[in-house]
Amino acid sequence: MARPPVRGLLTLAFLARTTAAVLPVTLLLALAESHGYARAALVGGGYTFVIALCAPLRGRLLDRYGAHRALTRLGAATALLLGLVACSVEFRWPWWTTLPLVVTAGLASPPLNAALRSSWRRLAADEAQLKAVHSADSVLEEAGFVLAPLTAGAAITLLGPRHAYETAAAAFVAVTALYLAAARRHHLGTTRPAPAEPGPARVGPRSRRWLGPLATPGTTAILLPLSVMGCVFGGTGVLVPAYTQSQHATVWLGPLLAAVSTGGVIGGILYAMIDWKAGLWRTYRLLTLGFTLPAMLLFLARPLWLLAALLLLAGLFVTPLFINAFLLIDATATDDTRVEANTWVGASTDITGGVTAVVIGALVQHQRWDTALLTLTCCATVGALGALLAPGRRPAAPPTSLPAARPGRAAAPGPAKTPAAEPRP
């Protein structure tokens with residue numbers, strides 16, 4: 001994991017994710033300043049929903065038509081559209097003109113993170129290093145989400161919401177340009193077509209064409225806990241800024257938004273250090289319960305200190321859940337759907353998060369705080385019940401290609417396995 005290409009790619013990914021995470025918070029407050037929270041949440045939730053829903057489609061473009069050309073064109077379109085969104089914020093255009101610009105920017109956003117994660121198997125030396133790289137990647141992502149709300153809070157305090165968003169958009173475009181250059185240099189998102197697998201487990205051509213990795217056995221079981229996570233955090237992303245403002249406690253904004261990711265950094269480090277014996281699938285179910293149990297108490301979280309504590313406790317399981325999900329995706333996805341499969345990990349959280357953000361935005365517009373918190377509690381309860389009632393055995397994963405032996409490194413004898421591909425107890 002200490003190889004220079006890995007270090008450089010992790011650094012760029014960290015910067016890109018951090019600046020991207022500043023954008024929604026600053027956009028929400030900038031639009032709320034002019035149009036109110038209900039319309040601001042509609043725009044922000046629509047952006048989140050569209051960027052998540054279309055991320056797998058963009059990943060499919062990379063899988064089928066090549067990464068470099070698609071990433072470059074999508075990146076250029078995103079830069080142009082974000083510039084127009086910044087203009088709409090600065091000159092206070094009507095919210096219904098900002099909405100299509102934000103949505104189109106989401107449609108054009110290049111799936112650089114999915115391209116990176118789909119390439120770790122090629123860049124890693126073996127399965128142990130693959131887990132280490134995925135763990136470091138997810139921990140750094142959560143560290144960025146700790147830094148992002150603190151940066152957003154400071155920028156809003158110093159510059160005001162409108163100028164804070166404009167600054168964040170400019171920084172995001174600059175970092176994305178560097179990320180695109182690195183993606184071209186290291187051929188991120190470039191995979192080999194997987195050979196057809198004989199036998200009854202093979203996915204039919206029609207379902208494969210339309211569903212892609214969702215047609216692979218076990219994929220939906222991976223995505224369901226992440227969808228519940230998206231509901232909870234999509235809602236709190238709108239609730240927290242509105243609630244702190246209503247309580248005249250904006251000093252709590254940064255710490256509250258950073259609480260989840262602070263827990264995620266701690267939990268991710270602990271997860272990487274522990275040698276789990278339960279197997280990836282069983283561990284995944286236990287982590288889902290660990291995340292949902294604190295979130296089920298959100299209906300009590302009117303005091304800001306209790307809200308921060310519950311978000312921190314739930315956040316301890318966020319990064320381990322993502323690490324587990326990426327390892328399971330890596331074991332189940334075939335090479336011809338690998339980029340798209342990785343996009344579904346983030347998309348499953350963002351789709352439900354976008355829907356919940358709109359619902360919570362409508363509630364907080366009328367200051368129905370108890371109803372908003374109870375809604376989030378219900379979402380977490382559904383996730384806990386799903387984890388408890390889920391079957392103990394998952395469908396066997398299809399075989400995946402292994403990284404080719406590099407020059408000077410002897411290939412290990414015999415077929416290598418990933419933990420998720422072994423029979424589950």
Side-chain angles (χ1 to χ4, degrees), residues 19-53 81-107 109 145 148-149 151-169 172 230-250 252-254 256-258 307 349-369 371-373 375-376:
T19 53
V22 173
L23 290 174
V25 180
T26 52
L27 179 63
L28 176 72
L29 292 177
L31 293 176
E33 188 177 57
S34 304
H35 308 296
Y37 269 102
R39 290 172 177 172
L42 180 61
V43 174
Y47 166 77
T48 303
F49 183 79
V50 168
I51 195 174
L53 188 63
L81 290 164
L82 283 179
L84 291 174
V85 174
C87 289
S88 74
V89 170
E90 172 64 24
F91 298 109
R92 301 178 186 270
W93 294 356
W95 71 272
W96 48 267
T97 62
T98 303
L99 177 59
L101 291 174
V102 170
V103 168
T104 310
L107 285 170
S109 181
F145 291 143
T151 303
I156 290 168
T157 301
L158 295 174
L159 304 175
R162 289 187 294 115
H163 295 315
Y165 175 77
E166 294 157 10
T167 303
F172 176 74
C231 287
V232 174
F233 294 139
T236 55
V238 175
L239 174 72
V240 166
Y243 190 49
T244 53
Q245 280 196 343
S246 73
Q247 299 294 309
H248 305 289
T250 52
W252 279 85
L253 174 61
L256 278 170
L257 291 177
L307 179 59
T349 61
D350 291 340
I351 289 171
T352 54
V355 174
T356 311
V358 174
V359 173
I360 298 299
L363 292 173
V364 301
Q365 177 71 19
H366 300 92
Q367 298 192 0
R368 298 175 63 179
W369 310 113
T371 305
L373 290 169
T375 301
L376 299 178

Please test Leu239 against Leu376 for side chain to side chain contact (heavy atoms under 4.5 Å, CB included), starting from the C-alpha separation and ending with a verdict.
CA-CA 10 Å; Leu239 174 72; Leu376 299 178; 4.2 Å; yes

Only one of Val364, Leu307, Val25 passes side chain to side chain contact (heavy atoms under 4.5 Å, CB included) with Val240, and that residue is Leu307

By side-chain contact (heavy atoms from CB on, under 4.5 Å) - contacts of Pro100 (at least two apart):
none

Check Ala152 against Val22 and note the closest heavy-atom contact, atom names and distance.
CB-CG1, 4.0 Å

If you compare all heavy atoms of Thr167 against all heavy atoms of Leu159, which two are closest, and at what distance to 0.1 Å?
OG1-CD1, 3.7 Å

Quick check for you: to the nearest 0.5 Å, what is the distance between Thr244 atom OG1 and His248 atom NE2?
11.0 Å

Those residues at least two apart in sequence (or on a different chain) that pass side-chain hydrogen bond (donor to acceptor under 3.5 Å, both in side chains) with Arg162 are Glu90

Which pair of heavy atoms, one from Ala32 and one from Ala40, lies closest together, and at what distance?
N-CB, 3.5 Å

Straight-line distance of Ile360 CD1 to Trp369 CH2, nearest 0.5 Å:
10.5 Å

Check step by step if side chain to side chain contact (heavy atoms under 4.5 Å, CB included) holds for Leu31 and Trp95.
CA-CA 8 Å; Leu31 293 176; Trp95 71 272; 5.8 Å; no

Go through the structure and list residues passing side-chain hydrogen bond (donor to acceptor under 3.5 Å, both in side chains) with Arg92, not counting sequence neighbours.
Ser34

According to ring-ring contact (aromatic ring centres under 6.0 Å, His included), who are the partners of Trp252, at least two apart in sequence or on a separate chain?
none

For Ser88, side-chain contact (heavy atoms from CB on, under 4.5 Å) partners two or more places apart:
Val85, Trp93, Thr98, Leu101

Residue list, side-chain hydrogen bond (donor to acceptor under 3.5 Å, both in side chains) with Thr26, at least two apart or on another chain:
none

Steps toward side chain to side chain contact (heavy atoms under 4.5 Å, CB included) verdict (Leu29, Gln245)
CA-CA 10 Å; Leu29 292 177; Gln245 280 196 343; 4.0 Å; yes

Check: Leu82 and Tyr165 side chains under 4.5 Å, non-hydrogen atoms:
yes

